> 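The structure follows.
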Amino acid sequence: MVTMHNLGFPRIGAKRELKFALEASWRGETTEAELIQRSRDLRRQHWQKQSSLHRVPVGDFSWYDHVLDTSIMLGHLPPRVLDLGGTATDQYFRLARGRSAADDDESVVAAGEMTKWFDTNYHYIVPEFTRESRFSPDAGALVAQVTEAREQGHNPKPVLVGPVTYLWLGKSKDGSERLEHLTALAEAYAGLLEQLADAGVDWVQIDEPIMVTDLAPEWRNALETAYHRLADTRVSLLLTTYFGHLGDNLELACRLPVAGLHLDAVRGGADVQRAVEQLPQGRVLSLGVVDGRNVWKADLTALMDWLEPVHAALGDRLWIAPACSLLHVPMDLDTEPDLDEELRGWLAFAVQKLEELEILEKGLNKGRNAIIAELAANRACHASRSHSQRVRNPAVREAVAGLNEVMGQRQSPYARRIEAQQRHLDLPRFPTTTIGSFPQTGEIRRTRLQYRRGDLSEAAYREAMQAEIRDCIREQEALGLDVLVHGEAERNDMVEYFGELMDGFAFTRHGWVQSFGSRCVKPPIIYGDVDRPDPMTVDWIRYAQSLTERPVKGMLTGPVTLLNWSFVRDDQPERDTANQLALAVRKEVQDLEAAGIRIIQIDEAALREGLPLRRSEWETYLEWAINAFRIAANGVSDDTQIHTHMCYSEFNDIMAAIARMDADVITIETSRSDMELLEAFEHFEYPNGIGPGVYDIHSPNIPTQASMVALLRKAAERIPPERLWVNPDCGLKTRNWGEVRPALAAMVGAARGLRQSG
Ligand code: GLN
Ligand code: ZN
């Protein structure tokens with residue numbers, strides 16, 4: 001019999017119950033006992049929704065992050081957190097957020113660094129290693145959840161982040177080599193597994209997603225060492241990989257002494273046949289057949305076609321599951337009142353993905369005849385999608401087919417352009433600007449909400465937003481900034497705002513996906529050909545420009561970011577969708593130019609994060625991504641100045657691509673790296689303008705003029721001063737005016753000081 005299981009379920013709750021429970025507890029409005037009870041309730045509901053599975057995941061639920069949970073389970077917390085004492089819960093939230101609900105100001109500590117989980121938009125708390133790191137494994141909390149699941153009638157399969165992935169995700173804080181901890185860490189994991197065995201656990205899912213990345217020999221050796229140690233424990237290990245293909249790590253994965261191997265058959269389909277051939281007799285092969293990273297219905301007939309022979313070869317050794325944890329998709333399509341029937345028929349969220357799995361299991365275990373009706377219904381949905389008029393827009397297809405090199409090229413090289421631009425912009429040296437958004441006050445949010453709900457007329461809304469723009473322009477003039485912005489008061493989100501004004505995008509009401517801790521994002525769904533029927537920003541920007549003599553920057557989100565922060569259609573290559581988005585943005589850019597806007601910024605905050613996990617795939621990605629940007633940005637005259645902006649990114653290995661964008665100015669986040677990120681630009685002799693952020697907008701601290709002068713001096717050592725701009729790291733929407741005014745005044749002061757000192 002084929003075993004059906006799941007690698008992980010969304011934990012935030014269908015209505016984000018966990019978010020609200022956490023935030024209430026952080027505000028001190030509820031007790032710890034209440035948080036514990038709400039968490040139990042959520043786990044119960046989530047297992048309930050998975051009750052058809054032969055094995056449910058346990059340990060995938062977390063208050064904040066499962067990597068942080070692993071650190072706790074290993075007794076591996078930084079001393080700064082432990083030193084303050086308090087309960088285990090206090091320590092947990094201190095590491096997560098720098099403070100617990102019980103803390104006064106004195107007990108605030110630096111939170112653990114957060115970074116992205118592989119190529120997802122989920123962020124984990126980075127484990128911190130030093131020479132002194134020690135481990136004391138305690139699986140108590142996990143065992144308690146195993147018991148909970150059993151009491152509710154489920155067959156639990158605990159989930160752990162594997163030891164080598166845990167080590168690999170960590171950072172050394174004292175320059176020591178973290179692989180030195182491998183033996184001790186493997187020993188600690190053996191301890192955890194023995195405790196689980198004592199509790200009667202038979203199978204444990206042990207996640208080693210690093211196996212889909214390019215691994216240096218020492219990391220491959222680390223996997224050998226760790227898994228040989230763990231082979232002596234009394235549990236059966238399901239070595240679990242996802243987010244890509246194993247490729248050159250496949251042999252290693254088949255060789256490691258574990259009881260089973262899970263592969264991502266959606267992204268790593270090519271591995272399956274080799275794994276069937278190479279996996280030693282008696283081992284389980286778990287195939288991740290349902291996409292855990294996107295929201296489309298699976299093609300069940302096609303899946304049956306290739307699963308049947310695999311089943312014939314493997315028999316009971318075949319397990320099936322989603323490709324990866326379902327953490328990365330929204331929970332339940334049934335809670336979406338706004339999606340129309342047709343579109344709904346094409347989609348599957350976490351709950352629906354498990355239903356698909358159930359159909360496949362039935363088909364494999366009972367024969368295809370048992371699922372004739374289900375397969376027919378599934379085929380009908382796919383037919384509806386491929387024939388739908390809403391998916392195809394002939395004019396858009398024609399425009400994409402007509403794309404050519406020239407459309408991505410500026411008329412003249414940068415040196416010529418900058419002269420043409422300076423003739424009418426006449427900016428001083430070290431021009432000052434901001435990244436776009438200004439504080440999103442409660443007033444602004446309320447106005448947008450009222451308008452959305454229909455409680456405010458279009459005219460009243462427009463007037464209210466224009467008043468915000470007026471204030472914002474007045475503030476910037478008073479501060480003495482050189483290039484102004486309209487402030488983005490009308491935007492809820494830099495992707496959603498544009499998606500709502502374009503064809504081909506759909507939005508959910510509850511389609512939340514955890515980003516970090518209690519924070520979620522609600523990615524739009526790109527289901528059809530993208531078009532921009534009407535201008536999206538021109539009226540706002542033109543109004544802002546009408547209020548001032550100084551240049552106002554038009555502010556747009558770029559095609560690659562629109563794509564990377566959405567669920568993207570899977571019925572055409574991403575490159576094609578990127579090109580459609582590029583043409584839509586290009587129209588907006590040209591309309592802004594025609595409206596007399598002389599500077600246009602196109603944000604590509606998510607360009608770097610879209611890089612594939614495997615280096616060998618970078619070039620292909622960068623080629624289409626950069627081309628899409630060029631199409632969007634470069635259809636303007638020499639006189640128009642194009643800016644782009646990127647948040648915190650490593651630029652070293654993508655400098656050639658950045659230069660190929662050919663933006664007149666790129667603004668980047670650098671203040672926290674002490675301008676070290678500029679090294680890449682210096683090394684590459686990056687030829688165009690650069691605005692390295694001098695002010696960390698993530699912190700409420702107000703930077704001093706002296707600190708910004710110091711940063712700019714450092715920048716000027718690396719970049720010719722005539723090409724430097726002065727700006728904050730990113731948009732100011734999360735700050736308040738009390739912080740922004742003095743900070744920007746100091747920033748303008750810093751720039752003026754530098755101008756005078758030559
Ligand atoms: N223009 C956007 C803003 O200022 C940029 C945001 C971002 O890069 N994440 O808010
Ligand atoms: Zn940014």
Side-chain angles (χ1 to χ4, degrees), residues 114-116 121 123 432-441 444-445 448 465 468-469 472-473 475-476 481 483-499 515-516 519 521-523 536-537 540-541 544 552-566 585 588-589 592 597 599-610 629 632-633 642-651 658 661 663 665-673 677 690-699 725-737 739-740 743-744 747:
M114 220 167 36
T115 193
K116 284 163 73 63
N121 210 350
H123 299 71
T432 53
T433 191
T434 62
I435 305 304
S437 57
F438 268 85
Q440 290 248 335
T441 59
I444 291 177
R445 288 171 195 279
R448 271 206 320 262
M465 288 297 128
E468 294 295 340
I469 292 174
C472 193
I473 295 287
E475 291 276 2
Q476 293 172 84
L481 286 154
V483 172
L484 314 191
V485 296
H486 79 297
E488 302 184 23
E490 80 288 5
R491 302 187 189 173
N492 39 357
D493 173 279
M494 62 187 284
V495 174
E496 195 164 76
Y497 177 79
F498 290 97
S515 172
F516 65 91
R519 300 290 198 90
V521 294
K522 194 152 59 67
M536 307 181 284
T537 63
W540 300 123
I541 309 292
V552 174
K553 266 197 287 196
M555 198 57 60
L556 304 173
T557 301
V560 186
T561 299
L562 291 168
L563 182 112
N564 284 344
W565 283 348
S566 301
V585 177
E588 189 71 16
V589 168
L592 283 168
I597 303 304
I599 306 185
I600 300 167
Q601 176 175 315
I602 305 172
D603 292 327
E604 284 291 18
L607 190 133
R608 158 85 219 200
E609 70 179 52
F629 179 86
I642 296 288
H643 289 212
T644 188
H645 165 72
M646 288 185 201
C647 299
Y648 191 85
S649 302
E650 269 304 329
F651 289 101
I658 301 293
M661 292 167 79
V665 180
I666 180 170
T667 56
I668 58 175
E669 185 173 331
T670 38
S671 77
R672 283 186 295 179
S673 81
L677 284 177
I690 310 180
V694 292
Y695 150 25
D696 174 13
I697 56 90
H698 303 285
S699 155
W725 281 65
V726 180
N727 48 264
D729 270 342
C730 194
L732 300 165
K733 60 173 164 254
T734 58
R735 303 266 59 95
N736 61 49
W737 279 104
E739 293 156 352
V740 162
L744 290 181
M747 189 186 88

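When reading the values below, keep in mind they use all heavy atoms of this one structure, side chains included, and skip hydrogens, waters and symmetry mates. One-based numbering, in listed order, for ligands and for the atoms of each. Predicted, not measured: the structure shown is a model, and the values here were computed from it. Here, residue 1 is the first one in the sequence, and each next residue gets the next number.
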> Students often mix this up, so state it plainly: with edges at 30° and 60°, are the rings of His643 and Trp725 parallel, tilted or perpendicular?
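Perpendicular.
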> Does a side-chain heavy-atom distance below 4.5 Å link Val585 with Leu562?
yes
> Decide yes or no for Val665 and Ile690: does some side-chain heavy atom of the first lie under 4.5 Å from some side-chain heavy atom of the second?
no
> Rounded to 10°, how big is the angle at the Zn ion (ligand 2) from His645 NE2 to Cys730 SG?
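Approximately 120° at the metal, rounded to tens of degrees.
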> Could you please provide the protein residues found below 4.0 Å of ligand 1 on a heavy-atom basis, arranged by chain and number?
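For ligand 1, the contacting residues are Ile435, Gly436, Ser437, Glu488, Met494, Met555, Asp603, Ala605, His645, Cys647, Cys730, Gly731, Lys733.
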> Carefully, step by step, assess Asn727 and Ile435 under the rule side chain to side chain contact (heavy atoms under 4.5 Å, CB included).
CA-CA 7 Å; Asn727 48 264; Ile435 305 304; 3.8 Å; yes
> For a quick test of reading the model, state the closest non-hydrogen atom pair linking Gln440 to Glu488 and the distance between them.
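What the structure gives for the nearest pair is NE2-O, 3.1 Å.
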> Going by the rule side-chain hydrogen bond (donor to acceptor under 3.5 Å, both in side chains), which residues pair with Trp540 if we only count those two or more places apart in sequence or in a different chain?
Tyr497
